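Worksheet: the structure to be examined is printed underneath.
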Number of protein chains: 2
Amino acid sequence: MIVRNTRQRSAVSALLAEVEGFHSAQDLHAMLRNRGERIGLTTVYRTLQGLADAGEIDVMRPPGGEHLYRRCSEGHHHHLVCRACGRTVEVAGPAVETWADRVAAQHGFTDVSHTLEIFGTCPTCAP
Amino acid sequence: MIVRNTRQRSAVSALLAEVEGFHSAQDLHAMLRNRGERIGLTTVYRTLQGLADAGEIDVMRPPGGEHLYRRCSEGHHHHLVCRACGRTVEVAGPAVETWADRVAAQHGFTDVSHTLEIFGTCPTCAP
DNA sequence: GCGTTTTTGACAATCATTATCGTCTTCGCG
DNA sequence: CGCGAAGACGATAATGATTGTCAAAAACGC
């Protein structure tokens, strides 16, 4: 299976490179259509899945049900998400990374990855 | 909104009390029907949602897409999940709990909760 | 160019979850 | 014990994101 360079794949990558924050597949698809790209929803899903498998983007599964994708640039980090307004703050936790790896190793697990999300109510949304 | 005790609610709680590990809503519904309970799928979903809101059970959202529920007995813990066979190991990380709360507080977030899952390949599934 | 192989994308299918809404229970109170 | 209203139930339909299908189009090596 040789990966080929196509206009659509580039478009998705380019879009992810310039937008901030998380976006759903449908979001990204709509944006691409708005800027005149001719690309199918199916292709957006496939491309995002590919990028996620390759570790080039982050995937988040919020309680809402939609998958959110985001360019995962500088290393590994986690997210602090506001329950009310959806605002996200990046947080880094080196201690958590090593802890997770160590715990997994203790149980003999290999190829370890992890997801961590913190939910709360942000200052501006507090009643 | 007064919560009432119904046969169905008790049945779900009872089932969760005796089964091990995670089960999907549809799983639990099937089990209840098998043991002769007359209960609708809708009710199972509603009951599970209620229990989850009340913090009495754990919810996990694996990449597969189904929500998995589990009685969350002894305090807060996280899970180490095998990618291949789905086996789960409970892990506790007091340090992570406090870290998450602290980070959230630093950003002014309140009502903080978090989810953490570690994925890997368990020893028996390693090629 | 040419042929092969991958990718695309419109459309249909899937499937867990949620909404609807009429009927049935529960429970406080007399 | 019986009543009445507030909830709860549950069959069914609806929702909606994601995935499968497959013929047509594009990309790459030569």
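Every chain is numbered from 1 and lettered A, B, ... according to where its sequence line falls, protein lines coming before strand lines. Note that the coordinates shown come from a computational prediction; the quantities given were computed from them, not determined experimentally.
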Checklist line | A/Leu15 vs A/Leu32 side-chain heavy atoms within contact, under 4.5 Å | finding: yes
Next item on the list: Could you list by number each residue of residues 41-51 of chain B showing a heavy-atom separation from DNA chain C of less than 4.0 Å, or answer none if no residue does?
Entry: B/Thr42, B/Tyr45, B/Gln49
Item checked: B/Ile39 backbone acceptor or donor facing B/His29 side chain under 3.5 Å -> yes
Check: Reckon A/His67 has a side-chain N or O less than 4.0 Å from the OP1 or OP2 of D/dT18?
Finding: yes
Notebook entry, point to check: What is the minimum heavy-atom distance between B/Pro123 and A/Gly108, and which atoms define it?
Noted result: CG-O, 3.4 Å
Note to self: Can you tell me how far apart CG (A/Leu16) and CG (A/Leu51) are? Round to the nearest 0.5 Å.
What the structure shows: 7.0 Å
Next item on the list: Might you point out which heavy atoms bring A/Phe109 and B/Cys122 nearest each other, and give the distance in Å?
Entry: CZ-CB, 3.4 Å
Check: Between OG1 of A/Thr47 and OH of A/Tyr69, what distance do you get to the nearest 0.5 Å?
Finding: 10.5 Å
Margin query: Angle between ring planes, A/His114 versus A/His78, binned at 30° and 60°: parallel, tilted or perpendicular?
Written below: tilted
Check: B/Ser24 or A/His29: which one's nearest nucleotide on DNA chain C is closer to the 5' end?
Finding: A/His29
Margin query: How many whole angstroms separate atom CG of B/Asp53 from atom P of C/dT18?
Written below: 11 Å
Next item on the list: Ignoring backbone atoms, establish whether A/Gln8 has a side-chain N or O less than 4.0 Å from OP1 or OP2 of C/dG9.
Entry: yes
Checklist line | B/Arg38 CZ to C/dT25 C1', straight-line distance once rounded to whole Å | finding: 12 Å
Notebook entry, point to check: Axis-to-axis angle across the helix from C/dG1-D/dC30 to C/dG30-D/dC1, five pairs an end, to 10 degrees?
Noted result: 40°
Notebook entry, point to check: Do any pairs count as a salt bridge (Lys or Arg N to Asp or Glu O under 4.0 Å) and have a residue in residues 23-39 of chain B, sequence neighbours left out, and if so which ones?
Noted result: B/Glu18-B/Arg35
Check: Quick one: which of C/dT17, D/dG10, D/dC28 gets closest to the side chain of A/Asn5?
Finding: D/dC28
Next item on the list: Nearest whole angstrom, please: distance from the C1' of C/dT26 to the CZ of B/Arg7.
Entry: 12 Å
Notebook entry, point to check: Are A/Arg70 and A/Glu90 within salt-bridge range, i.e. N to O under 4.0 Å?
Noted result: yes
Note to self: Distance check needed: D/dA17 C1' versus A/His23 NE2, whole Å only.
What the structure shows: 18 Å
Notebook entry, point to check: Between C/dT8, D/dA17, C/dA16, which one does the side chain of A/Glu66 approach most closely?
Noted result: D/dA17
